Amino acid sequence: MTPLQTRPLSSKSTARRAVVASLLALTGVASLSACGKTISIGDSSAPAASAPAPSAAPASSSASPSATTSGQGGGNSALQVVDSTAKDNGLTGTGGTVVGAVVQEAPPKWVQLAAVTSTSLSAPHLININQAALYRFDKDTASPSKSNCNDDCAAKWPPVTIEEGGNVYLAGVNPKEVGAIRRTDGQVQITVGGWPVYRFSGDSKPGDLNGQGVGGTWFAVGPTGNKATS
């Protein structure tokens, strides 16, 4: 029997293998960076059951994730939760999120939640793209997720709303903690750990935590929906 002959790879074969290896590595990185999930509105009481999200859309389309509004045929009522920041996805601006007592005339096209610590609150707590502190209300419920802050209460504590089909970008928040509910006025509100999330009209600049402890029921919200109190 003739012995099996071996020979070294040619330079062309080596180059082709190097290119394939590089493409596989890049594909793996892209898959990791696009991780997240899709959430259905009203599904925040069981956020972990949501399906994985598709790859994040390019910056040119992410800025306007939904071209339809509630009630129109063919619209996407689900939200995409993206486990990376808006900047990482090529976005600039605020997505339409307003500051302080300014009325949120229309829901933002996208929302960002980031976990931070500050000189006034060492426990990790959430801020939005405008670096405004976000809060939770003890009179709400997390299971099932339900907001009990409406009308005058919602004017003082504006709910963190989002356009249907919008993207929620994250920094330091587990996508599994993020959900959404439909409020009594029809708007879609973000939840974290099942708890509906709000801004405070009395906060006007980054670092303000004027809503902390108000009425013994309002507290900065942590990255799992917990009360950030120390």
Side-chain angles (χ1 to χ4, degrees), residues 39 41 44 47 79 81-87 91 93-104 107-142 145-150 153-163 166-183 187-230:
I39 55 175
I41 297 165
S44 58
L79 303 177
V81 179
V82 183
D83 194 11
S84 57
T85 67
K87 182 179 179 181
L91 297 177
T94 65
T97 300
V98 299
V99 178
V102 177
V103 176
Q104 186 78 59
K109 295 179 180 179
W110 53 265
V111 168
Q112 179 171 293
L113 307 177
V116 299
T117 59
S118 61
T119 54
S120 54
L121 183 58
S122 59
H125 56 284
L126 301 187
I127 60 173
N128 65 15
I129 192 65
N130 294 320
Q131 300 181 54
L134 303 179
Y135 300 86
R136 49 163 278 177
F137 184 34
D138 281 357
K139 293 184 180 180
D140 287 347
T141 59
S145 297
K146 182 181 178 181
S147 170
N148 290 309
C149 179
N150 301 288
C153 175
K156 185 175 182 180
W157 300 90
V160 176
T161 58
I162 188 170
E163 182 179 280
N167 287 0
V168 182
Y169 297 100
L170 304 176
V173 182
N174 190 323
K176 291 183 178 181
E177 300 292 347
V178 180
I181 57 171
R182 192 175 301 280
R183 295 177 53 79
Q187 294 197 71
V188 178
Q189 182 174 10
I190 300 298
T191 66
V192 176
W195 290 95
V197 178
Y198 306 81
R199 296 183 294 111
F200 180 46
S201 61
D203 290 340
S204 60
K205 63 182 184 298
D208 280 354
L209 274 164
N210 299 321
Q212 182 73 332
V214 170
T217 55
W218 288 95
F219 297 92
V221 62
T224 61
N226 58 297
K227 287 191 283 190
T229 57
S230 60

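Quick note: numbers below take in every heavy atom, side chains included, and nothing from hydrogens, waters or symmetry partners. Bear in mind the structure is a predicted one, so any value in this text is a computation, not a measurement.
Checked against the 6.0 Å centroid threshold, W195 and F137 do not count as a close aromatic pair. Checked against a 6.0 Å centroid threshold, the rings of Y135 and W157 count as neighbours.
Here the NZ-CG distance, from K109 to L91, works out to 11.0 Å after rounding to the nearest 0.5 Å. Atom CD1 of residue I162 and atom CD of residue Q187 lie 12.0 Å apart, to the nearest 0.5 angstrom.
Counting all heavy atoms, side chain and backbone alike, P196 lies closest to I181 at CG-CD1, 3.9 Å. Taking every heavy atom of both residues into account, P159 and A154 meet most closely at CD-O, 3.9 Å. Summarising the geometry of Y198 relative to S147, their closest heavy-atom pair is OH-OG, 2.7 Å, with the distance given to 0.1 Å. Contact between A142 and G193 at its shortest, heavy atoms only, is CB-O, 3.8 Å. Residues R199 and V102 come closest through the heavy atom pair NH2-O, 3.9 Å. A pairwise comparison of heavy atoms in V173 and D83 identifies O-OD1, 4.0 Å as the closest pair.
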Report the C-alpha separation of T191 and V178 in whole Å, then their side-chain angles, then the decisive distance to 0.1 Å, and conclude whether the side-chain contact (heavy atoms from CB on, under 4.5 Å) test is met.
CA-CA 6 Å; T191 66; V178 180; over 6 Å; no

Apply side-chain contact (heavy atoms from CB on, under 4.5 Å) to L113 and I190, showing your working.
CA-CA 10 Å; L113 307 177; I190 300 298; 4.0 Å; yes

Please lay out, stage by stage, how T161 and V188 fare under the test side-chain contact (heavy atoms from CB on, under 4.5 Å).
CA-CA 5 Å; T161 58; V188 178; 5.9 Å; no

Pair L134, N128 - check side-chain contact (heavy atoms from CB on, under 4.5 Å), show working.
CA-CA 7 Å; L134 303 179; N128 65 15; 4.2 Å; yes

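A donor-acceptor pair is defined here as one N or O able to donate and one able to accept, closer than 3.5 Å; no such pair exists between the side chain of D208 and the backbone of N210. Between the side chain of Q212 and the main chain of A228, a donor-acceptor pair closer than 3.5 Å is present. For Q112 (side chain) and I129 (main-chain N/O), no donor-acceptor pair under 3.5 Å exists by modelled atom type. No donor-acceptor pair closer than 3.5 Å links the side chain of T117 to the backbone N or O of S122. Remark: the backbone N or O of G194 is not paired with any side-chain donor or acceptor of E177 at under 3.5 angstrom. Looking at Q189, its side chain does come within 3.5 Å of a backbone N or O of V197 through a donor-acceptor pair. The main-chain N or O of W110 is never found under 3.5 Å from a side-chain atom of N167 such that the two would form a donor-acceptor pair.
A 4.5 Å side-chain heavy-atom check between H125 and V116 finds at least one atom pair inside the cut-off. Residues L126 and P223 form a side-chain contact, since some pair of their non-hydrogen atoms from C-beta on lies under 4.5 Å apart. Within the 4.5 Å cutoff, side-chain heavy atoms of L209 are placed close to those of S118. No side-chain heavy atom of V168 sits under 4.5 Å from any side-chain heavy atom of V82.
Listed by first and then second residue, the side chain to side chain donor-acceptor pair (under 3.5 Å) pairs involving residues 221-230 are D138-K227, T224-N226 (not counting sequence neighbours).
N150 and R183 share a donor-acceptor pair across their side chains, judged by distance under 3.5 Å alone.
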